[in-house]
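Below is one structure; the comments refer to it alone.
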Amino acid sequence: MPPPRGWPGPAGGQIGHLDPPTMWRATTVQACGLWPFAAGSGAPMTGVPLGQHLYTGATVCGDPLSWFTRARYISNPSLFMLGMPGLGKSTLVNRMLIGLAATGVVPLVLGDLKPDYADTVRALGGQVISIGRGVGGINVLDPGAMAEAAAKVGGDAGRALAAEAHGRVLNMVAALVSVVRGRPMDDHEQSVLSAALHHLRERTAPGRAPILPDLLAVLQEGPERVRSVTLDRGEDARYRTAVDPLHRSLLGILDGPLGGTFAAATSTRIDAAAPAVCVDISRIGEADTQLTAAAMLAAWSDGLGSVAAAHALADAGLAPRRWFFTVLDELWRPLRAASGIVDRIDALTRLNRTLGLGDAKITHTLKDAEALGSESDRAKARGFVERAGMVACAGLPRNEMEELGRVVGLSEREISLVSSWSSPPGWGAGGGEHEEPPGRGRFLIKVGGRPGIPIKVAITDAERALHDTNQRWTPNAQVPATATAV
């Protein structure tokens, strides 16, 4: 057998040492002139550039919309992400948000709890709406973009959209009442509420949206249309008995902790033409679960109403077709705020293809679902992972990965790899130096029964400036002057 470099001596064919050729990565447009020395990558190259393959170094691209619409890797445009805090989950989704916005997709963050995405949306030229006491509110009786779109579309399609807008307002008021009561409304109360909203819409001047005090006035007056569904048979006492519980709940909304946010006209309407929208609810306190739940429900209702209006206008040929990408970070918190949010997210995971939007849901562990109040809510929450087109895992303990493996199918090697990312960093050398956690920026992407794709994400300085989730831990000496001057 000859040695690896050939036989030594004359005519032996021995070769000297050669440096390996330099490897460059580029798009086919940039690197087309390098043929035939260019080589394709074994990693997915469709979608937003996410990072590099942990083993091969190849560039990995992907996002729920591109893998659904272009690559056809997944059957529905959704992403479910799990991982321990501080490992970069929201940073990866933030990168998808930026990349998708560059392709014309409209990012929608309908309830930014920290906020993690407001700065990015501003940098994209999008709209940031603040909701909370003293900073802004939403009028839940305002059909918003859906009413405007119904008027533009006209005909049967316009009437159908107006009817859908009525149903959306009805469901939103019912959700607020459920949040205040802590239980769903009765069926006959929903009939009363629907009749009152119909009457209110007919007597409200065009171009003006009614508000909750107007709805209370209708119940107080008791017009014939409302009385007819109470079966009062002409007796005022029977009418009052039928509507008083609903009347009291609405008074509770107006005079309770929700009144300042939902009793007046919408402070800032969602701009249907904005390139990105973020509803910032970070001013609401951690312990204010009622207001958090109500604000998230209202933001989702308003935001998804804008999506429906955009699709209706596109169907009628009055506007270009647009796709949307919703982000729901810290999923555990809205899930525990009110049971109605579980139902809303459950519907979204089942209908996102029909609605023309992709979504990303982020939480820490599968055990977040176990903290919900009822078994039906827990079952719905567990279904989020099962129906997700993509599942991305940051560092998780082994027992969590074994449980996740029973849902999405993980090999022993994949479980060991992701478990190793949850290990703590070293103690560092002191003097303020610290070591980065071994799992920071590392993710395993799973799609169906395919082998997982381990990636390493390195963020740019621009991304770091837009998405610093540790701003509250910045020492005073490092806080920008504009911030300390406030």
Side-chain angles (χ1 to χ4, degrees), residues 110 127 129-177 190 192-227 229 243 246-247 249-256 258-274 277 279 294-295 297-310 312-313 316 318-319:
L110 302 174
Q127 183 186 31
I129 302 172
S130 295
I131 300 298
R133 296 189 183 91
V135 295
I138 295 178
N139 176 17
V140 294
L141 301 188
D142 186 354
M146 293 186 74
E148 296 173 0
K152 289 181 181 177
V153 172
D156 292 340
R159 284 190 288 275
L161 190 60
E164 187 180 343
H166 170 81
R168 193 174 292 276
V169 170
L170 173 62
N171 289 334
M172 189 57 232
V173 178
L176 279 188
V177 172
Q190 296 201 35
V192 172
L193 183 58
S194 179
L197 288 171
H198 277 301
H199 179 82
L200 186 57
R201 189 184 61 192
E202 291 170 358
R203 78 179 193 180
T204 302
R208 175 183 175 273
I211 55 179
L212 278 177
D214 298 331
L215 180 60
L216 277 170
V218 171
L219 292 179
Q220 181 64 34
E221 295 166 9
E224 185 55 36
R225 182 169 189 168
V226 180
R227 287 178 181 271
V229 297
V243 302
L246 177 60
H247 201 157
S249 295
L250 292 174
L251 282 173
I253 295 174
L254 286 177
D255 298 330
L258 309 183
T261 308
F262 301 102
T266 300
S267 55
T268 306
R269 274 186 170 186
I270 291 178
D271 180 4
V277 175
V279 180
L297 286 169
W300 277 63
S301 178
D302 207 12
L304 296 184
S306 299
V307 172
L313 290 173
L318 300 175

Main-chain N/O of [Y] paired to [X] side chain as donor or acceptor, under 3.5 Å:
X: Thr261; Y: Gly137; result: no
X: Gln127; Y: Asp271; result: yes
X: Asp302; Y: Ala299; result: no

Measure across [X] and [Y] and return the closest heavy-atom pair with its distance rounded to 0.1 Å.
X: Ala298; Y: Val140; result: CB-CG1, 4.3 Å
X: Leu254; Y: Ala263; result: CD2-CB, 3.3 Å
X: Ala294; Y: Met172; result: O-CE, 4.1 Å
X: Leu212; Y: Phe262; result: CD1-O, 3.6 Å
X: Leu161; Y: Ala312; result: CD2-CB, 3.7 Å

Side chains of [X] and [Y] in contact at under 4.5 Å (non-hydrogen atoms):
X: Ile138; Y: Ile129; value: no
X: Val177; Y: Ile253; value: yes
X: Val218; Y: Arg203; value: yes

side-chain contact (heavy atoms from CB on, under 4.5 Å) evaluation trace for Leu176 with Leu297 | CA-CA 8 Å; Leu176 279 188; Leu297 286 169; over 6 Å; no

Kindly indicate, with the supporting measurements, whether the criterion side-chain contact (heavy atoms from CB on, under 4.5 Å) is fulfilled by Leu200 and Leu141.
-> CA-CA 10 Å; Leu200 186 57; Leu141 301 188; 4.0 Å; yes

Identify whether the distance between the nearest side-chain nitrogen and carboxylate oxygen of Glu164 and Arg168 falls below 4.0 Å.
->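 Yes, charged N to carboxylate O under 4.0 Å.
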
Where do His247 and Gln220 land on the side-chain contact (heavy atoms from CB on, under 4.5 Å) test, with the steps shown first?
-> CA-CA 8 Å; His247 201 157; Gln220 181 64 34; 3.2 Å; yes

Please test Thr204 against Asp214 for side-chain contact (heavy atoms from CB on, under 4.5 Å), starting from the C-alpha separation and ending with a verdict.
-> CA-CA 9 Å; Thr204 302; Asp214 298 331; 5.8 Å; no

